[in-house]
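Working notes, beginning with the structure itself.
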Amino acid sequence: HNGWLAFMYPRLLLARDLLSKDGVIFISIDDNEQSNLKLLCDDIFGEENFLANFNIKANPRGRQSDSNIATLHDYLLCYGKSKDFVELNGIALTEEDIEEFDQFDEDGKAWRELGLRQRGSASLRVDRPDMFFPIYVNPEDLSVSLEKSDLHFVPVVPKKSTGVEGRWMWGFDKVKRDNSRIFARLIKRRNEYDIFIKDYLERNDEIRTKKPKSIWHEKDVNTEAGGKLVKSLFETSVFSYPKPIGLLKRIIALNTNSNEIILDFFAGSGTTGHAVMQLNADDGGSRKFILCQIDEPIDLVKKKEAYNFCIKNNLPPVISSLTIERLKRAGAKISINVEEENLKAGIFEEDKKQVPDIGYKVFDSVEAPQLKVDETGQIAFPEIHTDALSRIYNMVFTIGLDEPTQVPEVIVKDSIYKIGNHYYITNSEKITSEDYSNALKNGKVFIDGWTASLNGTLQNYKEEVKIVF
């Protein structure tokens, strides 16, 4: 336990710092470390920012290797950077949910009947005294009013079947404002009226969503679905228990809009990137993903199929090779599926989907160059082996003013690249005074310190440029 906690602690601290103020982190874990992880997250994110501990039906058959009990589920801990700023999205209604809305108003809008009396916890008058008040019924047309009159004269107050005083789920002002949605019905077995509301399927001309539940048991979240999808992409079982794309799509849809950035710092089989691309294809979004995966060697004995796949396809036998290959194959399949769907007969031009951006860049983390002192006591710059574009992106990451998802415009090949009005320069000894002048006139200039030329040209502009190491 101690080793695992020491491994996770700095990573979760970094994750907290990287989250936006309305950001949310989801952490998948099994029984072995769930209790420890909860305590760790309470310490790092704060108990007050705990949102949920979802139970995921990951293995419908149960793990037969477990002793005594065949475990079906994993956990999904959820914390916000700051709970006050977090607003989780609802999830889509199922066909069964939609069938509940089986009544229609004069405009043809579907609705279902819901009791106005609050059920469940905090449902007593003492819990919310301001939500206990009489509603008056017209027995002729079953309309209701907050004021007693010659037409509306039968009082109804919220009370439980035991006679205990309850409360309404709407306050006085909302009942008054939405009176047209409220009606009464005679409950024959009690020979008394009760109050109901028309709960509409659509809200603001869009089909409503529902609050996510803490137990996810649908087929698309179990691990078996993840394994089948990966096998269909690779034509072999390169991962034993990959996360299912359905699980990641639910997680992403729960807390992001259509242009968020999703970070997965244990990328593994690359399901998160696949899910982001698929969601963008589904709803036309422009979400972006960042996946982190170390070059963990693949064990030839324990993971023979994965190892052989890499060798057969001239890939280094490391986990990150499979992550990248998954993104490549998944992106191509998504594009084909969208194009085939658009070719189907009867689809109007405006209903055709755009092929999502399935591009990605791969960055390797390498040791930074180190200055050395040569035998004469002079500082010696190390020989730089990385290509020019890699050094440009290194500056983009270091400075943090531009998104690395953007493609730099080439001003001078292998030397000057531009994003917006920011000029990034490497191999500066190859650049003329005129090149410098044009860059300085048109924007901010950043120069790669490892290849900077300390000549007169650079000296002339030393106050106006920033050297980046």
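All figures in this text were calculated on a predicted structure; none of them were measured in a lab.
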With [X] via side-chain hydrogen bond (donor to acceptor under 3.5 Å, both in side chains) - residues at least two apart:
X    : answer
Y423 : none
D74  : R63
K328 : none
T71  : D66

Look only at the side chain of [X] and the backbone of [Y], and say whether a donor-acceptor pair between them is shorter than 3.5 Å.
X    : Y    : value
Q64  : R61  : yes
R326 : S269 : yes
S258 : S286 : no
K57  : H73  : no
N222 : K219 : yes
D387 : S390 : yes
D199 : L114 : no
R208 : Y200 : yes

Electrostatic pair [X]:[Y] at N-O distance under 4.0 angstrom:
X    : Y    : result
E218 : R250 : yes
D105 : K109 : no
D282 : K249 : yes
E224 : K228 : yes
R203 : E206 : no

> Please walk me through it: do F101 and L93 pass side-chain contact (heavy atoms from CB on, under 4.5 Å)?
Replying inline: CA-CA 11 Å; F101 296 82; L93 300 182; 4.2 Å; yes
> What side chain to side chain donor-acceptor pair (under 3.5 Å) pairs are there with at least one residue in residues 309-325, not counting sequence neighbours?
Replying inline: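 Residue pairs passing side chain to side chain donor-acceptor pair (under 3.5 Å), neighbours aside: D295-S320, E325-R329.
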>> Tell me whether the NZ or CZ atom of R11 lies within the 45° cone about the ring axis of Y9 and under 6.0 Å from its centre.
In response: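 Not satisfied by the 6.0 Å and 45° rule.
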> Which residues satisfy the side chain to side chain contact (heavy atoms under 4.5 Å, CB included) test with P297, sequence neighbours excluded?
Replying inline: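 Counting only residues at least two positions away or on another chain, P297 forms no side chain to side chain contact (heavy atoms under 4.5 Å, CB included).
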Do [X] and [Y] have a side chain donor and acceptor closer than 3.5 Å?
X    : Y    : value
E341 : N337 : no
T94  : E96  : no
D448 : Y424 : no
R287 : N257 : no

Minimum heavy-atom separation for [X] to [Y], with atom names?
X    : Y    : value
N442 : N438 : ND2-O, 2.7 Å
N342 : K353 : ND2-O, 2.8 Å
I319 : G268 : CG2-O, 4.1 Å
G331 : M277 : N-CE, 3.8 Å
H274 : L327 : N-CD2, 4.0 Å
N427 : A388 : ND2-CB, 4.0 Å

Contacts of [X] that satisfy salt bridge (charged side-chain N to carboxylate O under 4.0 Å, His left out) - sequence neighbours left out:
X    : answer
D22  : none
D30  : none
E339 : none

> salt bridge (charged side-chain N to carboxylate O under 4.0 Å, His left out) between D299 and K303: does it pass, once the steps are laid out?
Replying inline: CA-CA 5 Å; D299 191 305; K303 298 180 179 179; over 6 Å; no
> Can you list every salt bridge (charged side-chain N to carboxylate O under 4.0 Å, His left out) pair that touches residues 355-364, not counting sequence neighbours?
Replying inline: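 Every candidate salt bridge (charged side-chain N to carboxylate O under 4.0 Å, His left out) pair involving residues 355-364 fails, so no pair, neighbours aside, qualifies.
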Result block: side-chain N/O donor-acceptor pairs under 3.5 angstrom for residues 411-418, not counting sequence neighbours:
residue: Y417; atom: OH; partner: D414; partner atom: N; Å: 3.2

>> With side-chain contact (heavy atoms from CB on, under 4.5 Å) as the criterion, how do F446 and L401 come out once you've worked through the C-alpha distance, each side chain's angles and the decisive distance to 0.1 Å?
In response: CA-CA 11 Å; F446 304 95; L401 293 176; 3.8 Å; yes
Identify each donor-acceptor pair in which a side-chain atom of residues 39-47 lies under 3.5 Å from a protein atom, sequence neighbours left out, and give them as a table.
residue: D42; atom: OD1; partner: K38; partner atom: NZ; Å: 3.2
residue: D42; atom: OD1; partner: Y79; partner atom: OH; Å: 2.6
residue: D42; atom: OD2; partner: K38; partner atom: NZ; Å: 3.0

>> For F363 and Y393, take the angle between the two ring planes, folded into 0 to 90°, and tell me which bin it lands in: parallel under 30, tilted 30 to 60, perpendicular over 60.
In response: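 Rings of F363 and Y393: perpendicular, over 60°.
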> Can the ring centres of W216 and F54 be said to be less than 6.0 Å apart?
Replying inline: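 Yes, the ring centres sit under 6.0 Å apart.
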> Can you check side-chain contact (heavy atoms from CB on, under 4.5 Å) on I358 and S335, steps first, answer last?
Replying inline: CA-CA 8 Å; I358 58 170; S335 294; 3.2 Å; yes
>> With heavy-atom distances below 4.5 Å as the criterion, would you say the side chains of Q278 and I334 are in contact?
In response: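 Q278 vs I334: side chains touch.
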